[in-house]
Visitor: 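Next up is a structure, given as structure tokens.
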Amino acid sequence: MNSLILRFAAPYLTALMALFSVFVLLRGHNEPGGGFIGGLIASSAFAIYGIASGVAPVRRAMVFHPVSIAGAGLFLAVISGLGGIAVGEEFLYGVWWFPTFMGTELHLSSILFFDIGVYLVVVGTITSIALGLEEKGRN
Amino acid sequence: MATEDLSLLKAEAMTQSTLAAVDHLPVMPLLICFVFGSVLLMLRRRVDLHPVLAIPGLALLLATDIAILWQVWTNGTMTLMLGGWLPPFGIAFTIDMMGALFLTAAGFVALACGIYAAASVDPVERRFGFYPFLFMMIGGVSGAFITGDIFNLYVWFEVMLIGSFGLIVLGSRHEQLDGATKYCFLNLVGTTFFLIATGYLYGLFGTLNMADIARKAAAMEDTGPLLTLVSLYFVSFAMKAAAFPLNSWLPASYHTPRFVTSALFAGLLTKVGIYAAIRVMLMIFPPERAELSVVIAWVAALTMLIGGLGALAQSDFRRLLNYMVIAGIGTILVGLALPQLPAGTDTGPIAIGMSGAIYYAIHSIIVMTALYLAAGVAAHLTGSSSLHEMGGLWRHNPLFAGLVLVLFFAVSGLPPFSGFWPKLFLVRATMSADMPWLAAMVLFSGFLLTIASARVFALGFWRSLPAAVDAPNDDERARIVGERFSAAGPEKAASLIPLLMLTAFVVIAGVWPEWLLQMTASATAGVLDPSGYIDSVFGGRP
């Protein structure tokens with residue numbers, strides 16, 4: 001799209017939205033948010049960047065192909081379920097550990113990794129669709 | 001919150017048993033499908049690696065399925081509560097004998113199609129994700145056979161559909177998109193019915209665990225709403241299974257994608273609908289199924305008739321096979337249409353008929369996949385899948401022609417191959433249930449399929465290649481024949497091995513049927529009397 005304002009603002013908006021999506025992902029365990037909605041926010045960030053400056057810069061900025069990102073997310077989500085088996089419980093059993101990092105107790109769990117997997121799957125698929133629609137006349 | 005409170009709550013809500021390695025088996029087929037599928041997605045630039053990784057993955061899947069079958073056969077129904085939450089709140093993966101049989105058959109044809117695809121799917125389509133979609137679809141199919149939760153069953157239906165949508169449009173030719181649109185739209189309508197029925201069911205019972213529903217439905221006094229519920233389920237599963245009059249999507253779409261994709265679809269997708277119908281209608285709601293049995297009998301009879309007549313009317317090998325799939329679905333539905341004798345007698349017609357129907361479903365999964373793969377080989381060799389142009393296969397490839405002849409005998413229900421025994425059981429069951437017209441229809445549809453198969457064999461295999469017959473002189477004739485039949489060189493092994501595997505099963509299940517009959521009889525007993533299934537989920541808890 002040929003709008004100077006959008007082209008100028010898009011990189012900042014994208015960065016802000018990508019950051020916000022990570023925040024939404026991480027607060028998702030006990031509060032509204034999570035991997036799915038976080039992934040949607042991140043992919044709309046990429047979509048805005050694509051509308052403003054074309055598809056090629058977005059693909060360059062993402063480094064990996066969106067479909068590969070989705071694959072990595074699916075892999076992570078499946079693997080996170082193995083945590084339960086590792087501690088002698090059922091598949092997908094939530095495993096928690098509470099390391100102290102710089103004086104703060106962190107609440108880490110296998111569920112978090114599952115959610116990150118969901119986030120990546122959503123980012124990958126929705127971005128792939130959005131970029132496919134924005135790209136004109138491809139094969 | 002104090003830690004003691006937490007552990008008390010855990011004791012209340014979560015499973016306490018210690019798990020052995022074998023207890024994790026129910027989840028393994030899905031793990032394998034999604035791990036391999038996602039790794040292949042990440043390797044989308046290295047399409048040369050796809051078959052090298054996918055075929056061992058599918059072999060591992062089949063080995064796991066066989067281990068599950070063995071485990072269920074020796075130790076009875078097995079249940080795994082995902083995440084450790086107790087039933088009926090946690091999602092249960094429950095595999096009984098019927099689920100294990102379908103699961104193993106699915107793994108078997110998936111491996112065969114995976115090997116076949118190594119030769120027949122070109123790198124471009126691999127890059128667009130043939131193997132990842134294959135794993136996704138097989139994951140959905142396996143999940144549907146494994147799960148013991150009805151909403152989870154819906155989710156696996158969706159996973160399977162998404163995988164199949166991906167497979168059916170690979171290649172993006174015009175007619176393919178046309179077929180895919182019909183396929184997608186009608187299947188989405190079918191799953192929407194499923195979802196509506198499941199919402200209604202949850203409103204009635206307040207639970208989604210199939211074992212729990214079966215318990216509560218048996219104890220329910222006001223059974224009025226259940227008939228509506230079961231009718232809704234029947235519509236949705238009949239649509240999935242392509243039963244008359246909801247079958248029009250199948251002949252409109254199955255001939256459009258690659259042969260290997262058609263083979264997978266024909267083998268698996270319709271049978272998932274049949275499996276779900278048996279599971280929900282016969283296991284969970286037996287009295288309502290019995291009330292609907294007249295309707296089911298008519299649907300079965302007309303489905304067989306439409307399948308047989310449709311197969312006769314087609315002049316394209318693959319379109320003809322589309323109708324053979326439909327005829328097979330009708331034959332399986334006969335098992336679901338039989339009346340049930342009062343409780344306590346497990347030797348009624350339904351026990352014999354259902355055993356035959358499950359046997360026929362397994363046979364149909366394997367033989368239909370094999371026939372579509374064979375159609376792919378034949379079309380590749382002769383350059384066309386139209387019966388007007390095919391010919392000369394018997395002379396130029398006797399081994400292949402012999403395999404196809406075996407498959408045709410099996411699909412028509414002629415001895416000594418795998419289609420014969422289940423039809424015998426179904427005819428016996430319908431006769432003893434006082435439904436001779438249905439028995440006659442089973443035999444008549446078998447007769448129609450025999451004629452249709454004979455036509456394909458006579459025209460496509462026995463007859464000389466028409467193009468060569470029309471040639472002006474001998475040199476020209478030799479040139480045409482040489483051109484057509486030299487095309488098969490490099491991929492011969494990859495296309496013959498799967499056919500040999502599948503045909504071997506057809507022969508073994510036809511000549512030595514006892515082992516499979518024992519298994520299907522045990523599967524039927526488990527469905528007719530779900531107490532083993534319920535005990536496996538609840539383990540004696542109230």
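Below, chains carry the letters A, B, ... as their sequence lines are ordered, and counting in each starts from 1.
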Visitor: Work out which heavy atom in A:G71 is nearest to a heavy atom in B:S38; give both atom names and the distance.
Guide: O-CB, 3.2 Å
Visitor: Who passes ring pair (Phe, Tyr, Trp, His ring centres under 6.0 Å) against B:F165, sequence neighbours left out?
Guide: B:Y183
Visitor: Considering only heavy atoms, which portion of B:M28 lies under 4.5 Å from any heavy atom of chain A: side chain, backbone, both, or neither?
Guide: side chain
Visitor: Would you say CG of A:L106 has more than 12 non-hydrogen atoms from neighbouring residues, nucleotides or ligands within 6.0 angstrom?
Guide: yes
Visitor: If you count heavy-atom pairs under 4.5 Å between each of A:L76, A:L82, A:L74 and chain B, which one has the most?
Guide: A:L74
Visitor: Please look at B:L82 and chain A and tell me whether the side chain, the backbone, both or neither of the residue comes under 4.5 angstrom of a heavy atom of that chain.
Guide: both
Visitor: Quick one: closest heavy-atom pair of A:E89 and B:H24, and the distance?
Guide: O-CE1, 3.1 Å
Visitor: Of the non-hydrogen atoms in B:R44 and A:S68, which two are nearest, and what is the gap between them?
Guide: CD-OG, 3.5 Å
Visitor: How would you list, by chain and number, every residue that makes a ring pair (Phe, Tyr, Trp, His ring centres under 6.0 Å) with B:F185, sequence neighbours excluded?
Guide: none
Visitor: Is it the case that atom CH2 in A:W96 sees more than 12 heavy atoms from other parts of the structure closer than 6.0 Å?
Guide: yes
Visitor: Could you check whether atom CZ of A:F101 has more than 12 heavy atoms from other residues, nucleotides or ligands sitting under 6.0 Å from it?
Guide: no
Visitor: Take B:L31 and A:F91 through the side-chain contact (heavy atoms from CB on, under 4.5 Å) test and state the conclusion after the steps.
Guide: CA-CA 10 Å; B:L31 250 170; A:F91 184 69; 3.9 Å; yes
Visitor: Considering heavy atoms only, which positions within residues 57-65 of chain B lie below 4.5 Å of chain A?
Guide: none
Visitor: In terms of heavy-atom pairs under 4.5 Å with chain A, which of B:P26, B:P132, B:G84 leads?
Guide: B:G84
Visitor: Can you list the steps and then say if B:M14 with A:Y93 is a side-chain contact (heavy atoms from CB on, under 4.5 Å)?
Guide: CA-CA 10 Å; B:M14 301 191 93; A:Y93 180 88; 3.6 Å; yes
Visitor: With sequence neighbours excluded, give me every side chain to side chain donor-acceptor pair (under 3.5 Å) pair touching residues 111-133 of chain A.
Guide: A:S21-A:Y119
Visitor: Let me know if B:V35 has heavy atoms under 4.5 Å from chain A in its side chain, its backbone, both or neither.
Guide: both
